[in-house]
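See structure below.
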Amino acid sequence: MNKVAILVGGTGRGTNMKSLAQSCFDKRVDASVALVISPKENEAIEWARFFDIPVEILSKSEDYAEALLKIIVAYQIDIICLAGYMYLLPKNIIEHLPGRILNIHPSLLPKYGGKGMYGMNVHQAIFDANEIESGCTVHKVNEQYDDGAIVIQKRCTITTEDTPETIAAKVLELEHLAYPEALKLLTEELKQEFIT
Ligand code: GRF
């Protein structure tokens, strides 16, 4: 069974981490969340401990890339899911798990992606542009922000009643559906690779 590591950000709420872990516990996805990595203690880490998922705290330092790779290798991780991770993932990690790293972004990429486009910045920009729809994207991770091949997108409409906050809530609800589905697709893709 594929072992998944979830990388969260410093202020991680961990709601995507929870939805991914739940999908594995429920056997909707044939994988196990073997590790959660965070730069510091936060809500996501509290939830991981509650679920009995091993946790590693790793903050940015000069040898961050090597330290992260060491952890990924030690836990025999097959798949990485970024969920609120704020840095560009180091190149050595992408080379270690090519095509096996996913990220979730709260917009319909390629719109509203890239550096600086995170959290409420995204929803505020969408609101300011009077967009009539938004959504989320799960994509494979490459060396640019929010740029790899798209695995799944889910959309919602924006009405004149919406505010940046209500758009954020609608999109987050979609994220919790999209991420487990995308992880399932990736595990199936990896099984095919193994058979052929
Ligand atoms: C999500 O909105 C995700 O799209 C973005 O970071 C946020 C993480 O939220 N990459 P949570 O910590 O999973 O609740």
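We count residues from 1, following the sequence as given. Atoms within each ligand, like the ligands themselves, are counted from 1 in listed order. Both backbone and side-chain heavy atoms feed into the values below; hydrogens, waters and symmetry mates do not.
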Original post:
Backbone or side chain, does any N or O of N103 fall under 3.5 Å from an N or O of ligand 1?
Top reply: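 In fact, backbone or side chain, N103 has no N or O that close.
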
Original post:
Are the side chains of E193 and E189 in touch, meaning some heavy atoms are under 4.5 Å apart?
Top reply: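 Touching, per the 4.5 Å side-chain cut-off.
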
Original post:
Any side-chain heavy atom of N42 within less than 4.5 Å of one from T11?
Top reply: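 They are not in side-chain contact.
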
Subject >> Whether G14 lies under 4.0 Å from ligand 1, heavy atom >> reply: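 Distance cut 4.0 Å: G14 passes for ligand 1.
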
**OP:** Kindly determine whether V4 and L20 satisfy side-chain contact (heavy atoms from CB on, under 4.5 Å), including the steps that lead there.
**Re:** CA-CA 10 Å; V4 179; L20 286 169; 5.8 Å; no

Original post:
Taking the six-membered ring for Trp, are F51 and F25 parallel (under 30°), tilted (30 to 60°) or perpendicular (over 60°)?
Top reply: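 Because their plane-to-plane angle lies in the 30° to 60° range, the rings of F51 and F25 count as tilted.
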
Heavy-atom nearest neighbour in the protein, as seen from [atom], with distance rounded to 0.1 Å:
| atom | answer |
| --- | --- |
| atom 8 (C) of ligand 1 | G84 CA, 3.8 Å |
| atom 10 (N) of ligand 1 | I104 O, 2.8 Å |
| atom 14 (O) of ligand 1 | T15 OG1, 2.5 Å |
| atom 9 (O) of ligand 1 | R13 NH2, 3.0 Å |

Subject >> Salt-bridge present (K184, E188; N to O < 4.0 Å) >> reply: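 Result for this pair is yes, salt bridge flagged.
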
Original post:
Any idea which part of E175 is under 4.0 Å from ligand 1, heavy-atom wise: side chain, backbone, both or neither?
Top reply: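 E175 to ligand 1: side-chain contact only, backbone stays beyond 4.0 Å.
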
Original post:
At what distance, to the nearest 0.5 angstrom, does CG of L186 lie from CZ of R100?
Top reply: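 Between atom CG of L186 and atom CZ of R100 there are 7.5 Å.
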
Original post:
In ligand 1, which numbered atoms sit nearer than 4.0 Å to a non-hydrogen atom of H105?
Top reply: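 Once the distances to H105 are compared, the set is 4 (O).
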
Original post:
By number and element, which atoms of ligand 1 are closer than 4.0 Å to a non-hydrogen atom of P106?
Top reply: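 Counting from 1, the qualifying ligand atoms are 4 (O).
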
Subject >> S134 and H123: side chain donor to acceptor below 3.5 Å >> reply: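 No - no donor-acceptor pair under 3.5 Å links their side chains.
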
